[in-house]
Amino acid sequence: MKYPYSQQFRQSLVEWFHEEKRDLPWRQTNDPYKIWVSEVMLQQTRVDTVIPYYQRFIDKYPTIESLANADEEELLKMWEGLGYYSRARNLQAGVKEVVEKYGGTVPNNRHDLQRLKGVGPYTAGAILSIAYNLPEHAVDGNVMRVLSRVLHIKEDISLVKTRKIFEEAVEQLIHPEYPGDFNQALMDLGAMICTPSSPKCLLCPVREYCLGFMEGDAEQLPIKTKKTKEKHEFYDVYIAVNDGKVLFEKRPEEGLLANMWQFPMMLKGKSSEDTKKQFELKYNVEIKNIIEEDFFEQKHIFSHLIWNLRCHLVDITENGELPEFAHYVTLKEIEGLPLPVPMIKIVNILNQYIFHSPE
DNA sequence: AAAGCGGGGCT
DNA sequence: AGCCCAGCTTT
């Protein structure tokens, strides 16, 4: 499809961007490595959340080689709280490949970029347009919302194939001299003006080219159908103390929260089943004394899953060797390990209990 | 094509 | 209580 007003649209959009763009840390550089880091952090994550992580990350890993050589556990610790932890491991895998295969120079073409771990069509386009000033599309949820309104595209954006419609639109509309600014302008517009609900159409620099505004249904776009319903899982969590140390374990290297650390958790078939025996068997320990049964309860909501954690504080003795994934650590040592947020919350409650209890 | 993968902020 | 966020990988 051919779109009218391309020239005026891109001109107005980029001019607005030059006046109103947000001052963001990754906009102080053209270093493709740093752009790459920022784009990976920004996947499914808000700008305000990313900013402090980006700063600390670049301070610790200022060059592509420094990240390639980083210790994975330290890397995960830097990513702690940001979520989608496979992003961190994929980023390091991608960076290593660039160092080995391309002598540390980030590729400047879509084909090579998209073959890197963790780099998909969006991230490749963002690096190419922002760092290398090449006229490549970078279509994310923001861009689909803005363009679905401007161009009145009513295809379902939850379908994979729909993205191609937007990529082709961007190829026509993109500013040939300022491709990076054009792509970022669409994102800033989506964040500041063309918001999911209550878009500020009266402040929009491209209102006069917007079919959604003309039709009066901009806020109803984009069309999105998919909604998966979440699953509940119930666990008994054992805070198991032995001689001033607690039992702690590293999660498997694949799947949810891969390689992150946690207190031992036993999945319950029904919500009230007793898991003490299975716990003792799995970790080869014996519960000597229950200090606090049902110490506290905690719910954690993931995007596709809800954890209900029932935490118990127990004294244990060893029966023999621990399984290889389990270790005894001090609370101080836990601070140095990468933990998912639900475990951080448990550690905080535990610290309060130990150091701030009335007696 | 659909599901898996975190966490937080806004309505 | 949903929805969405500068998405990618695996099945």
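Protein chains get the first letters and strands the later ones, always in sequence-line order, with residue 1 at the start of each.
- Taking atom CD1 of residue A/Ile306 and atom C1' of nucleotide B/dC5, one finds them 15 Å apart after rounding to whole Å.
- A heavy atom closer than 4.0 Å to some atom of DNA chain C occurs in A/Asn90, these being the qualifying members of residues 84-92 of chain A.
- In A/Lys282, the NZ atom is crowded: over 12 heavy atoms of neighbouring residues, nucleotides or ligands sit closer than 6.0 Å.
- No contact: A/Trp307 has no heavy atom under 4.0 Å from any strand.
- Following rounding to the nearest Å, A/Arg251 (CZ) and B/dG4 (C1') show an atom-to-atom distance of 13 Å.
- For A/Leu257, the listed nucleotide lying nearest its side chain is B/dG6; candidates were B/dG6, C/dA6, B/dG8.
- Among the heavy atoms of the strands, none lies under 4.0 Å from A/Gly190.
- Nucleic acid contact for A/Ile35: none, since no nucleic acid atom lies under 4.0 Å from a heavy atom of the residue.
- An OP1 or OP2 oxygen of C/dG7 is reached within less than 4.0 angstrom by a side-chain nitrogen or oxygen of A/Gln44.
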From CA spacing to verdict: salt bridge (Lys or Arg N to Asp or Glu O under 4.0 Å), A/Lys117, A/Glu97: CA-CA 9 Å; A/Lys117 273 279 193 205; A/Glu97 195 176 338; over 6 Å; no
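- Side-chain polar atoms of A/Thr123 and A/Gln43 form a donor-acceptor pair below 3.5 angstrom.
- Contact between A/Glu249 and A/Phe263 at its shortest, heavy atoms only, is OE2-O, 4.2 Å.
- Among the heavy atoms of the strands lying under 4.0 Å from A/Thr123 are primed sugar atoms or P, OP1, OP2 only; no base atom is included.
- Separation of atoms NE2 (A/His18) and OH (A/Tyr178) is listed at 6.0 Å; rounding is to 0.5 Å.
- Considering every non-hydrogen atom in both A/Cys194 and A/Pro199, the closest pair reads CA-CB, 4.3 Å.
- The nearest whole Å value for the distance from the CZ atom in A/Phe166 to the C1' atom in C/dG7 is 16 Å.
- Each of B/dA1, C/dA6, B/dG7 was ranked by its minimum atom distance to the side chain of A/Val160; first place goes to B/dA1.
- Between the CE atom of A/Met41 and the C1' atom of C/dC5 there is a distance of 16 Å, given to the nearest Å.
- In terms of phosphate contacts, A/Thr49 brings no side-chain nitrogen or oxygen within less than 4.0 Å of OP1 or OP2 of B/dG7.
- With hydrogens and angles left out, the side-chain atoms of A/Thr275 and A/Tyr235 include no donor and acceptor closer than 3.5 Å.
- Nucleotide B/dC5 holds its P atom 14 Å from the CG atom of A/Asn259, rounded to whole Å.
- Along DNA chain C, the nucleotide nearest A/Pro121 and the nucleotide nearest A/Glu254 are compared for position; the residue whose nucleotide lies closer to the 5' end is A/Pro121.
- Heavy atoms of A/Arg115 sit nowhere under 4.0 angstrom from any nucleic acid atom.
- A donor N or O paired with an acceptor N or O is not found under 3.5 Å between the base of B/dG4 and the side-chain atoms of A/Ser303.
- Distances shorter than 4.0 Å separate some side-chain N or O of A/His304 from OP1 or OP2 on B/dC5.
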Full working for side-chain hydrogen bond (donor to acceptor under 3.5 Å, both in side chains) between A/Trp79 and A/Glu74: CA-CA 9 Å; A/Trp79 211 270; A/Glu74 262 181 30; over 6 Å; no
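- Each of A/Arg46 and A/Leu305 was assigned the nucleotide of DNA chain B with the nearest heavy atom; the assignment lying further toward the 5' end belongs to A/Leu305.
- The interatomic distance linking A/His137 (NE2) with C/dA6 (C1') rounds to 15 Å, in whole Å.
- Counting non-hydrogen atoms under 4.0 angstrom, A/Val50 reaches nothing in the nucleic acid.
- Closest approach to the A/Glu39 side chain among C/dA6, B/dG8, B/dA1 is made by C/dA6 (side chain taken as heavy atoms from C-beta onward).
- In the interface, the side chain of A/Arg163 is not paired with the base of B/dA1 through any donor and acceptor atom under 3.5 Å apart.
- Nucleotides B/dC5 and C/dC4 have their C1' atoms positioned 16 Å apart, rounded to a whole Å.
- With B/dT11, C/dA6, B/dG8 as the candidates, the nucleotide lying closest to the side chain of A/Val47 is C/dA6.
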Worked verdict on A/Thr29 versus A/Asp31 for side-chain hydrogen bond (donor to acceptor under 3.5 Å, both in side chains): CA-CA 6 Å; A/Thr29 179; A/Asp31 181 348; 5.0 Å; no
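- When each of A/Gly83 and A/Lys161 is assigned the nucleotide of DNA chain B with its nearest heavy atom, A/Lys161 is the one assigned upstream, toward the 5' end.
- Listed candidates were C/dA6, C/dC8, B/dG7. Nearest to the side chain of A/Gln43 is C/dC8.
- Atom C1' of C/dC3 sits at a distance of 16 Å from the matching atom of B/dG6, rounded to the whole Å.
- The distance between atom NZ of A/Lys21 and atom C1' of C/dA6, rounded to the nearest whole Å, is 16 Å.
- Proximity of A/Lys117 to the phosphate of C/dT10: a side-chain N or O atom is located under 4.0 Å from OP1 or OP2.
- Remark: A/Arg56 is not positioned above the aromatic ring of A/Tyr54, lacking an NZ or CZ atom under 6.0 angstrom from the ring centre and at most 45 degrees off the axis.
- Using P as the reference atom, C/dC8 and B/dG8 are 22 Å apart when rounded to the nearest Å.
- Side-chain proximity of A/Arg145 to C/dC8, B/dA1, C/dC4: nearest is C/dC4.
- A/Pro342 comes within 4.0 angstrom of the backbone, heavy atoms only, and of no base.
- In this structure, A/Lys299 and A/Gln184 both approach DNA chain C, and ranking their closest nucleotides by distance from the 5' end singles out A/Lys299.
- As rounded to whole Å, 14 Å separates atom P of C/dA6 from atom CG of A/Leu147.
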